[in-house]
Participant: 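My questions will all concern the structure given below.
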Amino acid sequence: TETLEGYLFPDTYDFPGGSTARQAVDLMVHRFEQVWKADWNARLTELKMSRHQILTLASIVEKEVRRESERPLVAAVYSNRLKIRMPLQADPTIQYAYLVDSGARKPRLYNKDYAYPSPYNSYLHTGLPPTPIGNPSDAAIEAVLSPAPGRELYFVAVGDGTHLFAVEYAQHLRNIRKVRGR
């Protein structure tokens, strides 16, 4: 299906009374085009990714990160996973799949949810989902275009808005135990 998800720039807008939904969408897409920087196009070529792919990944980073300083780190993990064809395993993709299919938000995922059959489920499918899962900020786009250097492949949420990062799976398991207090 065609969607403008990812292309509606998140910003504060003033709409005159009587504005139509179409006018609002047009304004948000126009704002997206204004915010998209010309030098980002050169970076797309360097990364060998399309604008759609960058927006899709940036939308995942946007949903995953609570602390601005961690955007480039999370973007690096996902970029590193894409390079080695490892599933992204991003919880927000499953939450989006539930939202698209049922119209209901699923704030907490359980083990059974990781098998939810959807092309958006990045635990089941390698690579990016078919479309963005939200509308990323320019900061999330910047993070995906310039991820932090490093070889990290894993992260776990601490619960205070931060994450613990790891290169090796064994360290990731230790980080999970640390977060869970075991």
Side-chain angles (χ1 to χ4, degrees), residues 5-6 40 43-50 52-101 104-182:
E5 193 88 65
W40 288 355
R43 191 73 183 121
L44 293 177
T45 304
E46 292 171 27
L47 294 172
K48 297 182 175 106
M49 293 177 79
S50 69
H52 187 77
Q53 290 170 317
I54 293 294
L55 290 174
T56 301
L57 187 53
S59 71
I60 297 168
V61 171
E62 185 76 35
K63 297 287 186 187
E64 192 73 65
V65 175
R66 299 286 174 258
R67 300 262 172 117
E68 190 170 326
S69 62
E70 290 193 341
R71 278 192 189 107
L73 298 166
V74 171
V77 168
Y78 289 141
S79 295
N80 292 340
R81 288 178 179 185
L82 286 171
K83 285 177 192 163
I84 63 171
R85 300 191 192 298
M86 178 181 176
L88 293 180
Q89 298 180 330
D91 288 5
T93 63
I94 298 172
Q95 291 164 323
Y96 182 77
Y98 274 106
L99 181 62
V100 166
D101 291 348
R105 296 198 180 279
K106 190 164 184 79
R108 181 183 168 117
L109 297 177
Y110 297 94
N111 285 338
K112 67 181 172 82
D113 296 320
Y114 295 99
Y116 186 72
S118 168
Y120 288 94
N121 185 337
S122 63
Y123 282 81
L124 298 179
H125 303 285
T126 304
L128 293 168
T131 68
I133 62 166
N135 297 299
S137 63
D138 54 341
I141 295 168
E142 289 271 7
V144 169
L145 290 169
S146 299
R151 299 181 1 247
E152 287 77 9
L153 289 172
Y154 307 97
F155 63 88
V156 61
V158 174
D160 63 357
T162 64
H163 296 84
L164 296 177
F165 296 85
V167 173
E168 301 293 332
Y169 187 65
Q171 179 61 48
H172 178 58
L173 293 176
R174 287 192 294 276
N175 286 345
I176 290 170
R177 285 192 298 274
K178 181 178 178 181
V179 166
R180 292 182 181 164
R182 297 182 206 165

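Just so it is clear, the model here is predicted, and its values are computed rather than measured.
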Participant: Stepwise, does the side chain to side chain donor-acceptor pair (under 3.5 Å) test hold for Glu70 with Thr162?
Facilitator: CA-CA 7 Å; Glu70 290 193 341; Thr162 64; 4.8 Å; no

Participant: Taking all heavy atoms of Pro117 and all of Leu124, pick out the closest pair and write down the distance.
Facilitator: CA-CD1, 4.2 Å

Participant: Measuring centre to centre across the rings, with the benzene-like ring taken for any Trp, is Tyr154 within less than 6.0 Å of Phe165?
Facilitator: no

Participant: Look up atom CZ in Arg105 and atom OH in Tyr96, then write down how far apart they are to the nearest 0.5 Å.
Facilitator: 10.5 Å

Participant: Kindly compute the distance separating CG (Leu88) from OG1 (Thr56), expressed to the nearest 0.5 Å.
Facilitator: 10.5 Å

Participant: Is the gap between the ring centers of Tyr120 and Tyr98 under 6.0 Å?
Facilitator: no

Participant: On a heavy-atom basis, which atom in Ala75 and which in Val61 lie closest, and how many Å separate them?
Facilitator: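 Looks like CA-CG2, 3.9 Å.
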
Participant: So do the side chains of Leu99 and Lys106 get within less than 4.5 Å of each other, counting heavy atoms only?
Facilitator: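 They are not in side-chain contact.
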
Participant: Less than 4.5 Å apart, any side-chain heavy atom of Glu168 and any of Arg151?
Facilitator: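 SC-SC contact between Glu168 and Arg151 confirmed.
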
Participant: I need the full list of salt bridge (Lys or Arg N to Asp or Glu O under 4.0 Å) pairs touching residues 123-142, with sequence neighbours left out, sorted by first then second residue.
Facilitator: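 Sorted result for residues 123-142: Lys37-Glu142.
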
Participant: Could you check if a side-chain atom of Ser79 sits within less than 4.5 angstrom of a side-chain atom of Leu57, using non-hydrogen atoms only?
Facilitator: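 Yes; the side chains approach each other to less than 4.5 Å.
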
Participant: Please list, chain by chain and in numerical order, all residues satisfying salt bridge (Lys or Arg N to Asp or Glu O under 4.0 Å) with Arg43, sequence neighbours excluded.
Facilitator: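 So Arg43 forms a salt bridge (Lys or Arg N to Asp or Glu O under 4.0 Å) with Glu46.
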
Participant: Could you check whether any side-chain heavy atom of Pro147 comes within less than 4.5 Å of a side-chain heavy atom of Arg71, counting everything from C-beta outward?
Facilitator: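 When only atoms from C-beta onward are counted, Arg71 and Pro147 do not touch, as no gap falls below 4.5 Å.
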
Participant: Just by distance, do the side chain of Arg67 and the backbone of His163 share a donor-acceptor pair under 3.5 Å?
Facilitator: no

Participant: Can you confirm whether Leu73 sits close enough to Phe155 that some side-chain heavy atom of one is under 4.5 Å from a side-chain heavy atom of the other?
Facilitator: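 They are not in side-chain contact.
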
Participant: Return the minimal non-hydrogen interatomic distance between Pro132 and His52, and the atom names on each side.
Facilitator: CD-CE1, 3.5 Å

Participant: Counting C-beta onward and ignoring hydrogens, is there a side-chain heavy-atom pair between His125 and Pro87 closer than 4.5 Å?
Facilitator: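 His125 does not reach Pro87 side chain to side chain.
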
Participant: Taking the side chain as C-beta and beyond, is there a heavy-atom pair between Leu128 and Leu82 under 4.5 Å?
Facilitator: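 The answer is yes; the side chains approach within 4.5 Å.
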
Participant: Looking at every heavy atom in both Ser59 and Gly134, which two are closest together, and how far apart are they?
Facilitator: CB-O, 3.5 Å

Participant: Are the side chain of Ser146 and the backbone N or O of Ala143 linked by a donor-acceptor pair below 3.5 Å?
Facilitator: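 Such a contact is absent between Ser146 side chain and Ala143 backbone.
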
Participant: Out of curiosity, Gln89 CD to Thr126 OG1, how far, rounded to the nearest 0.5 Å?
Facilitator: 9.0 Å

Participant: What heavy-atom pair brings Ile60 and Pro92 nearest, and what distance separates the two atoms?
Facilitator: O-CG, 4.5 Å

Participant: Are Asn135 and Glu5 packed together at the side-chain level, in the sense that at least one heavy-atom pair is separated by less than 4.5 angstrom?
Facilitator: yes

Participant: Going through the distances and angles, do Asn121 and Tyr114 end up as a side chain to side chain donor-acceptor pair (under 3.5 Å)?
Facilitator: CA-CA 8 Å; Asn121 185 337; Tyr114 295 99; over 6 Å; no

Participant: Start with the C-alpha distance between Leu44 and Trp40, add both sets of side-chain angles, then the distance that settles side-chain contact (heavy atoms from CB on, under 4.5 Å), and finish with yes or no.
Facilitator: CA-CA 6 Å; Leu44 293 177; Trp40 288 355; 5.6 Å; no

Participant: Grab the two heavy atoms, one from Pro72 and one from Ser69, that are nearest each other, plus how far apart they are.
Facilitator: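 Heavy-atom minimum between the residues: CD-O, 3.6 Å.
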
Participant: Could you measure the distance from the CD1 atom of Ile54 to the CG atom of Leu145? Nearest 0.5 Å is fine.
Facilitator: 4.5 Å

Participant: From Leu55 CG over to Ile133 CD1, what is the distance, rounded to the nearest 0.5 angstrom?
Facilitator: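 If I round to the nearest 0.5 Å, the distance is 12.5 Å.
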
Participant: Between Arg177, His172, Lys178, Gln171, which is the residue that forms a side-chain hydrogen bond (donor to acceptor under 3.5 Å, both in side chains) with Asn175?
Facilitator: Gln171

Participant: Kindly compute the distance separating CG (Asp91) from CG (Leu109), expressed to the nearest 0.5 Å.
Facilitator: 5.0 Å

